[in-house]
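Atoms considered below: every heavy atom in the structure, side chains included; atoms not considered: hydrogens, waters and symmetry mates. Just so it is clear, the structure is predicted and the values come from calculations on it, not from any experiment.
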Amino acid sequence: MGRMSSYGCLVVFGVLGLFGCALAQLKLGFYDQTCPKAEQIVQDYVKKHIASAPSLAAPLLRMHFHDCFVRGCDASVLLNTTATSNQTEKLANPNLTLRGFDFIDRVKTMLETACPGVVSCADIIALVARDSVVTIGGPFWNVPTGRRDGTISKQSEALASIPAPTFNFSALRTSFANQGLTVKDLVVLSGSHTIGIAHCPSLTNRLYNFTGVGDQDPSLDSEYATNLKAKKCRTPTDNTTILEMDPGSFRTFDLGYYNNLVKRRGLFVSDAALITDSTSRSLVNQILQGTLPNFFAEFGKAMEKMGNIGVKTGSRGEIRKQCAFVNS
């Protein structure tokens with residue numbers, strides 16, 4: 001029997017009585033009996049395709065993050081808007097640049113062939129994110145399984161719950177605390193930006209109009225800002241140019257992101273925010289003074305915790321037949 005995991009367990013008193021943690025238990029090897037090859041099928045597919053398309057690892061990790069921050073890790077981010085549904089999370093501004101939906105669908109098709117109606121889309125997102133990061137040489141973490149898929153997805157909730165690149169430290173701390181995550185989790189999980197890319201609109205104000213008078217964000221290293229304006233986001237209206245969040249090593253899961261932060265070269269306001277608070281700045285410095293294996297271990301712990309946010313288990317939710325649609 002796999003090790004039980006109960007992060008994100010809710011204990012509710014009152015009218016409902018005690019809603020025990022038994023319902024919110026994930027387990028390593030949840031599919032060992034019902035679909036014994038499930039995790040191997042996912043891993044084999046990821047290794048084969050991410051090895052040849054490593055730039056997809058970051059979007060697949062981001063998808064897991066965006067899924068978990070809205071209604072918990074229940075694959076609500078995958079649902080399409082239909083004639084009978086409201087506008088779904090996919091249409092929210094933070095999710096318009098998400099990639100990898102077809103990747104998840106192809107994994108789901110393989111699992112449905114092997115074990116129809118058994119493996120949830122929510123578990124697929126969690127496993128694919130981990131295996132993608134491992135494939136590019138990043139940290140491994142345990143992924144307890146047993147999540148079930150949600151049936152509700154709302155554009156407005158994604159907009160309200162996913163931290164924006166314009167957030168200051170206070171907004172970031174609140175956003176993560178709302179999910180049961182600490183400042184340490186915030187700092188450690190932000191390290192995933194070491195393999196991230198961004199588009200110019202998320203940076204335009206910092207470069208061209210920070211306070212509304214055509215100025216540049218003084219907290220951004222001026223030499224770096226000049227370079228970005230000359231070579232990347234050349235006009236305030238550039239909507240298409242892609243930027244590396246960890247220039248020079250964005251394909252490598254390393255400590256480069258944190259080195260950039262202390263040089264005032266974090267790309268987003270939300271990146272730069274991590275050195276504006278004494279606690280988070282201290283955590284950044286601890287990471288830089290430590291070893292890469294130590295960071296990998298901390299990142300893995302934070303990812304396992306994040307992957308347990310608001311999970312639906314037991315009889316809650318469903319196992320979708322197709323990840324983009326609720327079962328009819």
Legend entry - Main-chain N/O of S120 paired to D149 side chain as donor or acceptor, under 3.5 Å: no
Legend entry - Heavy-atom pair of closest approach, residues R251 and P54: NH1-CG, 3.8 Å
Inset, instruction - Begin with the C-alpha distance, continue with both residues' side-chain angles, and end with the deciding distance and a verdict on side-chain contact (heavy atoms from CB on, under 4.5 Å) for R264 and L220. - result: CA-CA 5 Å; R264 297 191 300 120; L220 184 62; 5.9 Å; no
Legend entry - Nearest-0.5 Å distance that lies between atom CG in N260 and atom CD1 in I275: 10.5 Å
Inset, instruction - Evaluate side-chain contact (heavy atoms from CB on, under 4.5 Å) for F325 paired with Q322, printing each intermediate quantity in order. - result: CA-CA 6 Å; F325 304 96; Q322 294 181 68; 4.0 Å; yes
Legend entry - Pair Q155, K90: side-chain N/O donor-acceptor within cut-off below 3.5 Å: no
Inset, instruction - Decide whether T194 and D246 meet the rule of one side-chain donor and one side-chain acceptor closer than 3.5 Å. - result: yes
Legend entry - Between CG on residue L288 and CG on residue L283, distance to nearest 0.5 Å: 11.0 Å
Legend entry - Minimal non-hydrogen separation, S132 against V46, with atom names: N-CG1, 3.5 Å
Inset, instruction - Using atom types as modelled and distance alone, determine if a side-chain donor or acceptor of T113 lies under 3.5 Å from a backbone N or O of T109. - result: yes
Legend entry - Distance-only polar pair, side chains of Q289 and N285, donor-acceptor under 3.5 Å: no
Legend entry - Donor-acceptor contact below 3.5 Å, side chain Q87 vs main chain L91: no
Legend entry - Nearest heavy-atom neighbours spanning V119 and A38: CG2-CB, 3.9 Å
Legend entry - Heavy-atom donor-acceptor pair, Y208 side chain to G214 backbone, under 3.5 Å: no
Inset, instruction - Compute whether any side-chain donor of one residue and acceptor of the other, for S175 and N178, lie under 3.5 angstrom apart. - result: no
Inset, instruction - Check the pair T88 / K154 against side-chain contact (heavy atoms from CB on, under 4.5 Å), numbers first and verdict last. - result: CA-CA 4 Å; T88 62; K154 295 180 181 178; over 6 Å; no
Legend entry - Gap between atom CZ of F65 and atom CG of L189 - 0.5 Å precision: 7.0 Å
Inset, instruction - May I ask you to decide if K231's main-chain N or O and N227's side chain share a donor-acceptor pair within less than 3.5 Å? - result: no
Legend entry - Option among K312, E318, R320, R316 that satisfies the side chain to side chain contact (heavy atoms under 4.5 Å, CB included) test with T151: E318
Legend entry - D102/R106 salt bridge by N-O under 4.0 Å criterion: yes
Inset, instruction - Determine, step by step, whether T241 and D238 satisfy the side chain to side chain donor-acceptor pair (under 3.5 Å) criterion, reporting the C-alpha distance in whole Å, the side-chain angles of both residues, the deciding distance to 0.1 Å, and the verdict. - result: CA-CA 7 Å; T241 302; D238 184 339; 2.5 Å; yes
Inset, instruction - Nearest 0.5 Å please: distance from the NZ atom of K37 over to the CG atom of D44. - result: 10.5 Å
Inset, instruction - Compare all side-chain heavy atoms of K321 with those of C121 and state whether any distance is below 4.5 angstrom. - result: no
Inset, instruction - Report yes or no: do D131 and Y45 form a side-chain donor-acceptor pair below 3.5 Å? - result: no
Inset, instruction - Kindly say whether A273 contributes a backbone atom to a donor-acceptor pair with the side chain of D277 at under 3.5 angstrom? - result: no
Inset, instruction - Answer whether the closest heavy-atom distance between the side chains of L186 and L181 falls below 4.5 Å. - result: no
Legend entry - Minimum heavy-atom distance between E112 and V118, given as atom pair plus value: OE2-N, 4.3 Å
Inset, instruction - If the plane angle is over 60° it's perpendicular, under 30° parallel, otherwise tilted; pick one for H193 and Y257. - result: perpendicular
Inset, instruction - Please report the closest heavy-atom contact between E39 and G29, naming both atoms and the distance. - result: OE2-N, 4.1 Å
Legend entry - Under 3.5 Å: donor-acceptor pair, side chain of S153, backbone of E89: yes
Inset, instruction - Decide yes or no on salt bridge (Lys or Arg N to Asp or Glu O under 4.0 Å) for K301 and E304, but give the supporting numbers first. - result: CA-CA 5 Å; K301 278 190 274 188; E304 186 174 344; over 6 Å; no
Inset, instruction - Indicate whether any N or O donor in one side chain lies under 3.5 Å from an N or O acceptor in the other, for T291 and N294. - result: no
Legend entry - Side-chain (T145) to main-chain (F30) donor-acceptor, under 3.5 angstrom: yes
Legend entry - Over all atoms of both residues, closest heavy-atom pair of K305 and T182: NZ-CG2, 3.8 Å
Inset, instruction - Take K184 and E298, measure what salt bridge (Lys or Arg N to Asp or Glu O under 4.0 Å) needs, and give me the verdict at the end. - result: CA-CA 9 Å; K184 182 175 182 180; E298 294 293 343; 3.1 Å; yes
Legend entry - NZ or CZ of K263 within 45° of Y224 ring axis and under 6.0 Å: no
Inset, instruction - Can you measure from CG (L228) to CG (L267) and round to the nearest 0.5 angstrom? - result: 6.5 Å
Legend entry - Side-chain (R148) to main-chain (G317) donor-acceptor, under 3.5 angstrom: yes
Acceptor/donor pairs from residues 158-170 side chains to any protein atom, 3.5 angstrom cut, sequence neighbours excluded:
from : atom 1 : to   : atom 2 : distance (Å)
S161 : OG     : E157 : O      : 3.0
N168 : OD1    : S170 : N      : 3.2
N168 : OD1    : A171 : N      : 2.9

Inset, instruction - Return each pair, listed once, that meets ring-ring contact (aromatic ring centres under 6.0 Å, His included) where at least one residue sits in residues 123-156; pairs must be two or more places apart or across chains. - result: W141-F299
Inset, instruction - Answer with yes or no whether the side chains of D254 and T252 bring together a donor and an acceptor at under 3.5 Å. - result: no
Inset, instruction - List the steps, then state whether side-chain contact (heavy atoms from CB on, under 4.5 Å) holds for L274 with S190. - result: CA-CA 9 Å; L274 298 182; S190 294; 3.7 Å; yes
Legend entry - Rounded distance [0.5 Å steps], CG in D215 versus CG in N205: 9.5 Å
Inset, instruction - Check whether any side-chain N or O of R147 sits under 3.5 Å from a backbone N or O of C73 as a donor-acceptor pair, and report yes or no. - result: no
Legend entry - Within 6.0 Å of NZ in K229, more than 12 heavy atoms from elsewhere: yes
